[in-house]
Each structure stands twice: as structure tokens, then as C-alpha cells.
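Atoms within a ligand are numbered from 1 in the order they appear, just like the ligands themselves.
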Amino acid sequence: MFTPKQSIFHSINKMANRKISDFAGFKKVLDGAKNIAVLTGAGVSAESGIPVFRGAGGFWRTHRSQDLATPQAFAANPALVWEFYHYRRNIAFTSLPNNAHKALALYEAQCLREGRRFSIITQNVDGLHQRAGSINVIELHGALHKVKCTNPKCRFLDENYDNPICEVFRNRGDPAAEGYNLPVIDKKDLPKCKKCQKLVRPYIVWFGENLDFKVMQAAREVVETCDLCLVIGTSSVVYPAAMFAPRVLERGMPVAEFNLNEEPADEMFDFHFPGKCGTTLPKALGIEL
Ligand code: BV8
Ligand code: ZN
């Protein structure tokens, strides 16, 4: 690797040469790549109408989303956390993939025809990549349509697309409602395990919880072997996902970011495409929708 002096020069040189909206330059790199990794975050689903995780979209009633996405919040008030996830499930199940999801699915199919690898590592839990037709998707943080039994002797993992997931949530979940003047939800009315009848939880990785070992292994293998990485619609603040693109850079491989923000999340990214990814991504991938 570089000596300290060389690495400073390399960084300055890279920052000076970072290509903003250089679609032609990116296409050359893209066409030559044999093993493409794509890391997506909430921004890739924003144009489908799904609120992003931080900023204005990051609140539900008076709660910050990330304060509800914890095992402590669920233990303290499972009804409140389940109502929050009922709200998220309802939005996800009634939303449609947007052009960013579709372009990724079509480009994956093109790579498969050409014998090239194409892997999506998503932080999202909305299932929209798969509904757009993407096949090779690693869901780092679980999925809204899955539930897991809380009984340590059972741990049954199930798929569940019921909306609402149980009767008590019908006409509930409205983020504008004042929670305190709604009828209290009794724990006995919350979703139960099909096998042992105990309480189930959303199959979601909450803050402070480890990611599934096999999922992390699959993601690491993609990060360690790719020869191009696209980072799409993420604020790159949540670990361990936030470590992936810097690791690709460390390996000397190119990284291209697609984000609303004018400034890249990392000075060292090779390409940055500011704007809505529903517009920039199909153009960069050369996909006509
Ligand atoms: C773990 C499921 C080991 C929930 C999620 C201090 C320092 C470093 C790390 C930590 C720390 N303290 C704690 C930690 C660890 C913690 C963490 O990283 N915290 C952060 C907040 C600092 N991580 C964990 O706990 C992870 N586990 O580390 O295990 C461990 C164990 C015990 C103790 C410590 C460590 C588990 C993390 C998983 C959390 N679960 N999701 C749910 O969804 O309900 S993460 C959650 O954030 C969502 O999945 C979301 O996807 C993800 C990341 O957010 P983004 O996707 O980036 O979304 P965001 O809104 O932030 O940004 C949207 C972006 O899109 C913006 O940049 C915007 O500009 C852009 N955008 C918007 N619209 C568009 C667009 N771009 C293009 N086009 C558009 N149209
Ligand atoms: Zn069970």
C-alpha cells in the first residue's frame, strides 16, 4: 500500500479527480467490471413513497424511528413497537418498486446473461428489490414480511404478509394520531407464533443487535471480491454497513455513490451522482425504462 506521504498525495489526487456526474467515465468502468457490489439504503425506496430513516422521514408520532427499532423499546412496550411496524408493513406492502429498483433488476439480468456477478446488499427491510425482480439480494437488517417467535425454546421464523397482521391494528398506525388518546392495545391481542402461540416480533435487526452471522459472511464475501461498488441512497452512518464501501476503497477498487446530496458521503469515492437515484441510476446503468 502507500507510504503516509504517498497516501496523502493519493487522497488529494483522488479528491481532485473525483468525477461528479461523469456518466461516460462511469460507464467505461461499469462495462469492464466482472463482479459488481451494490449497497442500498432507504434512499433507494424514497421515490416509492417509503419514508427514509433519518431526517424528516425519520419520525413516527413523537418517536424517532431508531428509538423504536431497539430490543429495549420492544421489551418495554411491544404494542407500541408493533403498531410502528404495522405502519411500516402497510406502507411497504402497498408501495411499488421505483425506477431505481427496476434498473438494478434489469442490469442484474444483463450481468447474468454476460456471465458477470451482480450482488445487492440492502439495509432496507421493505422487500422492494425482490418485487422489482432482483434475485441476488442480501437483506442485512431482516424484512418487514418476516416474523420471529420470542420464545427461546421455539424461535420459529415465518413469512407473514397479513395486513393488518392482527385485527387490533386495523385502522391503527397513523403517524399523525395522538397515541395517548387511542385505545390501549392489550399484549394478548398482539401477533402470536403459529407453532407455540407465544408473542412474535418483527424479523428485523434492531439497533444494538448483531446481524445474522451467515448474512454478514455473505456480505463480507461480496465486499472482499467485488471490482466495483455502487452506494445508493444511504447516509452511510449505520454500522456495519457503513464499513463496506470504505473497505472496497481500501482494496483499491472504485466506488460510485448515488445520493440526493451534492456532497459525497466519503471524499474518496471515485464517482458521485447527485440527484434522485430513480433518475441517475437508470442513466448510469444504461437502462431504458
Ligand atoms: C451492531 C432495521 C454489533 C430497523 C436498521 C457508535 C458508533 C458506531 C456504531 C455504533 C455506535 N453506537 C452503536 C453503534 C452500532 C449501531 C449503529 O451503527 N448506530 C448508528 C446509528 C451510529 N449499529 C447496530 O447496532 C447494528 N448492530 O453493530 O451489532 C453491536 C452490538 C451491540 C452494541 C454495539 C454493536 C445493527 C444496525 C441495524 C439497525 N437496523 N434497520 C428498521 O428498519 O425498522 S438500520 C436503519 O438505518 C435502516 O435499515 C436504514 O436503512 C439504515 C441506514 O439508514 P439509511 O438507509 O442510510 O437511511 P437514511 O435515512 O439514514 O439515509 C437516506 C439516504 O438516502 C440519505 O443520504 C439521503 O440523502 C438519500 N436519499 C433520499 N432520497 C433519495 C436519496 N438518494 C437518492 N435518491 C433519492 N430519491
Ligand atoms: Zn413459537
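- Within a 6.0 Å radius of CG in D31, other residues, nucleotides and ligands contribute more than 12 heavy atoms.
- For K276, the NZ atom sits in a loose shell: 12 or fewer heavy atoms of surrounding residues, nucleotides or ligands are nearer than 6.0 Å.
- Under 4.0 Å from ligand 1, the heavy atoms of R88 that appear belong solely to its side chain.
- A salt bridge does not link E209 with K148: none of the charged nitrogens is closer than 4.0 Å to a carboxylate oxygen.
- Residue contacts with ligand 1 for V237 involve N, CA, C or O but no side-chain atom from C-beta outward (heavy atoms, distance under 4.0 Å).
- When A143, G41, G233 are checked for heavy-atom proximity to atom 63 (C) of ligand 1, G233 turns out nearest.
- Counting the atoms of ligand 1 from 1 in the order shown, those under 4.0 Å from a heavy atom of S235 are 57 (O), 59 (P), 61 (O), 62 (O), 64 (C), 67 (O).
- Below 4.0 Å from some heavy atom of I204 lie the following atoms of ligand 1, by number and element: 2 (C), 4 (C), 42 (C).
- Among residues at least two apart or in separate chains, side chain to side chain donor-acceptor pair (under 3.5 Å) pairs with a member in residues 80-93 are R61-E83, E83-R172, Y85-W206, R89-N160, N90-N163.
- If you chain together hydrophobic residues whose side chains sit under 4.5 Å apart, I138 and Y203 never meet in one group.
- Counting the atoms of ligand 1 from 1 in the order shown, those under 4.0 Å from a heavy atom of G275 are 77 (C), 78 (N).
- At least one N or O atom of V205, backbone or side chain, sits closer than 3.5 Å to an N or O atom of ligand 1.
- For E47, there are no side-chain hydrogen bond (donor to acceptor under 3.5 Å, both in side chains) partners two or more places apart in sequence or in a different chain.
- Atoms SG and CE, from C229 and M253 in turn, are 11.5 Å apart once rounded to the nearest 0.5 Å.
- Within the 4.0 Å heavy-atom criterion, both parts of T234, backbone and side chain, lie near ligand 1.
- Pairs engaging residues 232-247 under the side chain to side chain donor-acceptor pair (under 3.5 Å) rule: Q123-T234, E224-R247, R247-E250 [sequence neighbours left out].
- With hydrophobic clusters built from ILVMFWY side chains whose heavy atoms lie under 4.5 angstrom apart, F93 does not share a cluster with I165.
- The hydrophobic clustering, which links ILVMFWY residues whose side-chain heavy atoms are closer than 4.5 Å, places V38 and L289 together.
- At most 12 heavy atoms of other shown residues, nucleotides or ligands fall within 6.0 angstrom of atom CD in E288.
- Residue-level proximity to ligand 1 for A46 is carried by the side chain, the only part with a heavy atom below 4.0 angstrom.
- Atoms of ligand 1 lying under 4.0 Å from at least one heavy atom of E209, given by number and element, are 1 (C), 26 (C), 27 (N), 29 (O), 36 (C).
- Once rounded to the nearest 0.5 Å, the distance linking CG of L68 with CZ of F207 reads 11.0 Å.
- Not close to ligand 1: P202, with no non-hydrogen atom less than 4.0 angstrom away.
- In this structure, Y85 is part of the shell of residues with a heavy atom less than 4.0 angstrom from ligand 1.
- The local environment of NZ in K27 is crowded, with over 12 non-hydrogen atoms from other residues, nucleotides or ligands closer than 6.0 Å.
- Close contacts between ligand 1 and N124 involve ligand atoms 51 (O) [criterion: under 4.0 Å to a heavy atom].
- Listing protein N, O or S atoms at distances below 2.8 Å from the Zn ion (ligand 2), with waters left out, gives C149 SG, C154 SG, C193 SG, C196 SG.
- Each of the atoms 24 (C), 25 (O), 31 (C), 32 (C) of ligand 1 lies under 4.0 Å from some heavy atom of G208.
- Atom CG of residue L281 and atom CZ of residue F273 lie 9.5 Å apart, to the nearest 0.5 angstrom.
- Across the listed options V125, T280, N259, N259 owns the non-hydrogen atom lying nearest to atom 68 (C) of ligand 1.
- Only the side chain of E47 comes within contact range of ligand 1, with a heavy atom under 4.0 Å; no backbone atom does.
- When G43, S236, A42, A100 are checked for heavy-atom proximity to atom 75 (C) of ligand 1, G43 turns out nearest.
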